[in-house]
Number of protein chains: 2
Amino acid sequence: MSLRHALLGFIQMLEPVSGYDLKKWFQGSINFYWPATHTQIYRTLGELAEQEFVRHKTIEQTTHPDKKVYSITQKGKAELTHWLKEPLKLPVTRHGLLVQLSFADMLTTEEILMLLSEYKHKVHTHLQFLNHDQQQFMQYGRSDRERILWELVLDSGIEYYQGELKWAEKAIRKLRSIKSRGKQPA
Amino acid sequence: MSLRHALLGFIQMLEPVSGYDLKKWFQGSINFYWPATHTQIYRTLGELAEQEFVRHKTIEQTTHPDKKVYSITQKGKAELTHWLKEPLKLPVTRHGLLVQLSFADMLTTEEILMLLSEYKHKVHTHLQFLNHDQQQFMQYGRSDRERILWELVLDSGIEYYQGELKWAEKAIRKLRSIKSRGKQPA
DNA sequence: TCATACATGTAAGTTGTTACATGATTGC
DNA sequence: GCAATCATGTAACAACTTACATGTATGA
C-alpha cells in the first residue's frame with residue numbers, strides 16, 4: 001500500500017514534521033489521488049516507527065498540546081527509494097455514479113438527468129478547489145525538476161476532472177435527446 | 001456502499017441468478033469502476049439475504065456442485081430504486097503512480113521514465129481489454145434506452161483510460177526534455 | 001461567544017484482499 | 001494428462017471510515 005510510502009516521502013521532504021502537519025500536507029496536495037484521514041495517518045506513523053522506518057521526538061509545549069515530530073531513518077529511506085521504483089498495479093476507481101447508470105433504466109430520464117447534473121456540479125466545484133489549493137502547494141518545490149514533477153501530478157488530476165465534466169455534459173445531451181421516453185419508477 | 005446495490009441491480013436484471021454468475025457479470029462489465037472478488041460477492045449476498053433484500057433457492061445438481069440462485073424481494077427493489085436516485089460523493093481514485101511521482105525527485109530521470117512507460121503499457125493493454133470485453137456485454141441491453149445508458153458508462157471508462165494514455169505520453173515528453181539532469185539514486 | 005486551529009489519540013465497525021479448501025467435468 | 005470451468009465457501013488479514021474523546025488559544 002502507498003500510504004506508508006506517501007508518509008515516508010513527506011517525512012523525508014519535511015523532517016522533522018508532526019503527524020498533524022503531515023495531515024495538512026496530505027490535504028493540500030495528494031488528497032485527490034491518495035486521501036487519508038488523521039486516524040489513518042497517526043496509526044500508520046505508529047507502525048512505521050515500530051518497524052524503524054521513522055523515529056520521533058516528543059516536543060513539549062505549554063500553550064498547545066505536546067507534539068511528536070518524525071524523521072526518517074536510513075532503513076526508511078531505503079524502503080522509500082525501493083518502493084519509488086516499483087511499477088504498481090493500475091489504479092482502481094470505485095465510481096458509484098457509473099453503477100447507478102448501469103441500472104438507471106429503472107429511473108425516469110428526469111431522475112437520471114438530476115444525478116448527472118449533481119455530479120457535474122460536484123466535479124466543477126472540486127476542479128476549482130484543485131486549481132486554487134494545489135497551485136499554492138506548487139510553490140514549495142525546491143528545484144525546477146521537482147516543480148516539473150509536481151506539475152505533472154497536478155495536470156493528471158485536472159485533466160481527469162475536466163474529462164469527467166465533458167463526459168457528464170455529453171451524457172446530459174444524449175439523454176435530453178430521448179427525454180420524453182422515460183419510464184415510470186417502480 | 002455500492003457493492004450491495006450493484007448486486008441488487010444485477011439480481012433484479014438477471015433473476016434468478018447464482019453468485020457465480022454474478023461474479024462473471026461483474027468481471028465482464030462493471031469491473032473497471034466497481035471491482036469485486038468472489039469472496040466479497042458471496043459474503044455480501046449472505047448479508048443481503050439476512051436483511052431480506054434477496055432470497056435464494058438451492059438448486060441441486062448432479063454433475064456440478066449445487067448452486068444457490070438469488071431473486072430480489074420487494075424490500076430489495078425499494079432499496080435499489082431509492083439508492084439509484086441518491087447523489088453520491090465524488091469517486092476516489094488511489095493512484096499510486098502519482099504518489100511516486102510526487103517524490104520522484106529522488107530518482108534518476110531514467111527511472112522515472114521507466115515508471116511512466118510501464119504505466120502507459122498497462123493502460124494500453126487495459127484499454128484493448130475494455131474495448132473488446134465490454135462491447136460483448138453491450139449486446140445484452142434489452143432496449144435502446146438501456147443500451148444508451150450502458151454506452152455512457154463504457155464511454156466514461158474508455159475516455160478515462162485514453163486520458164491517462166495521453167497524460168503519460170505528455171509526461172514522458174516533458175521528462176525527456178530534461179533527461180540529462182537526473183540525480184543519482186540515494 | 002462561537003467556531004476554528006492546534007495536536008493527539010482510541011474504539012468499533014465496514015470493506016477489501018489473499019490464501020486455503022474441495023471436487024467433478026470438459027476441452028485441448 | 002493438465003488446465004480451466006463450474007460452484008461455493010472460510011479464515012485471516014489489511015485498509016479505510018466514523019464516531020468518540022480531550023482541552024487550550026486565537027480571531028471574528
Side-chain angles (χ1 to χ4, degrees), chain A residues 1-7 14 16-28 30-51 54 56-70 83 88-96 99, chain B residues 1-7 14 16-28 30-51 54 56-70 83 88-96 99:
Chain A
M1 71 118 165
S2 305
L3 177 58
R4 41 197 314 113
H5 299 105
L7 283 170
L14 303 166
V17 62
S18 68
Y20 190 82
D21 286 333
L22 286 165
K23 192 198 80 191
K24 285 196 298 178
W25 277 85
F26 262 77
Q27 284 176 348
I30 72 171
N31 199 238
F32 79 91
Y33 54 91
W34 209 286
T37 59
H38 77 278
T39 308
Q40 241 180 309
I41 289 172
Y42 286 123
R43 179 170 18 107
T44 307
L45 283 173
E47 287 163 17
L48 287 171
E50 223 175 273
Q51 290 162 85
V54 301
H56 64 270
K57 279 184 186 149
T58 303
I59 308 272
E60 279 167 45
Q61 298 183 122
T62 46
T63 77
H64 289 293
D66 292 356
K67 64 177 170 181
K68 291 184 189 170
V69 294
Y70 290 84
W83 178 81
L88 305 175
K89 284 188 219 155
L90 279 186
V92 164
T93 307
R94 280 171 216 270
H95 200 319
V99 177
Chain B
M1 72 117 166
S2 305
L3 176 57
R4 41 196 315 112
H5 298 105
L7 283 170
L14 303 165
V17 62
S18 68
Y20 189 82
D21 286 333
L22 286 165
K23 191 198 81 191
K24 284 196 299 179
W25 277 85
F26 263 77
Q27 284 175 348
I30 72 172
N31 200 52
F32 79 92
Y33 54 92
W34 209 286
T37 60
H38 77 278
T39 308
Q40 242 179 310
I41 288 172
Y42 286 123
R43 188 180 35 195
T44 307
L45 283 173
E47 287 164 18
L48 287 171
E50 223 175 90
Q51 291 161 88
V54 300
H56 64 268
K57 279 183 186 149
T58 303
I59 308 272
E60 280 167 44
Q61 297 184 123
T62 46
T63 77
H64 288 292
D66 293 355
K67 64 176 169 181
K68 291 183 189 170
V69 294
Y70 290 84
W83 178 81
L88 305 175
K89 284 187 220 156
L90 279 186
V92 164
T93 307
R94 280 171 216 270
H95 200 319
V99 177

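Here is the naming used below: chain letters follow the sequence lines, and residue numbers restart at 1 for every chain. Because the structure is a prediction, the values reported are computed rather than measured. Side-chain atoms are counted along with the backbone in the values below, which use heavy atoms only and exclude waters and symmetry mates.
- By the ring pair (Phe, Tyr, Trp, His ring centres under 6.0 Å) test, W83(A) is found to be paired with H5(A), residues two or more places apart in sequence or in another chain being considered.
- Take Y42(A) and apply the side-chain contact (heavy atoms from CB on, under 4.5 Å) test, not counting sequence neighbours, and it matches Y20(A), H38(A).
- A straight line from CG of L45(A) to P of dT8(C) spans 9 Å, rounded to a whole angstrom.
- Five base pairs at each end of the helix from dT1(C)-dA28(D) to dC28(C)-dG1(D) define two local axes, and these are offset by 50° (rounded to 10°).
- When the P atom of dG16(C) is taken as reference, atom CG of N31(B) falls 13 Å away, rounded to whole Å.
- In this structure, the side-chain contact (heavy atoms from CB on, under 4.5 Å) partners of T37(B), at least two apart in sequence or on a different chain, are T39(B), Q40(B).
- Take T44(A) and apply the side chain to side chain donor-acceptor pair (under 3.5 Å) test, not counting sequence neighbours, and it matches no residue.
- Shown here are the ring pair (Phe, Tyr, Trp, His ring centres under 6.0 Å) partners of Y33(A), two or more places apart in sequence or in another chain: there are none.
- Partners of F32(B) by ring pair (Phe, Tyr, Trp, His ring centres under 6.0 Å), not counting sequence neighbours: none found.
- Side-chain contact between L45(B) and L22(B) is present, with at least one heavy-atom pair separated by less than 4.5 Å.
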Short N/O separations, protein against nucleotides 15-20 of chain D, under 3.5 angstrom:
residue: dC16(D); atom: OP2; partner: Q40(A); partner atom: NE2; Å: 2.8
residue: dC16(D); atom: O5'; partner: Q40(A); partner atom: NE2; Å: 3.3
residue: dC16(D); atom: O3'; partner: R94(B); partner atom: NH2; Å: 3.3
residue: dT17(D); atom: OP1; partner: R94(B); partner atom: NH2; Å: 3.4
residue: dT17(D); atom: OP2; partner: Q40(A); partner atom: OE1; Å: 3.3
residue: dT18(D); atom: OP1; partner: K89(B); partner atom: NZ; Å: 3.4
residue: dT18(D); atom: O4; partner: T39(A); partner atom: OG1; Å: 3.2

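- Under the side chain to side chain donor-acceptor pair (under 3.5 Å) criterion, S18(B) pairs with D21(B), sequence neighbours left out.
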Tabulated below should be each protein N or O lying under 3.5 Å from an N or O of nucleotides 4-7 of chain D; please produce it.
residue: dC6(D); atom: OP2; partner: Y20(B); partner atom: OH; Å: 2.9
residue: dA7(D); atom: OP1; partner: Q61(B); partner atom: OE1; Å: 3.4
residue: dA7(D); atom: OP1; partner: Q61(B); partner atom: NE2; Å: 3.2

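- The side-chain contact (heavy atoms from CB on, under 4.5 Å) test applied to P35(B) returns V92(A), R94(A), N31(B), not counting sequence neighbours.
- With sequence neighbours excluded, the residues satisfying salt bridge (charged side-chain N to carboxylate O under 4.0 Å, His left out) with R4(A) are E47(A).
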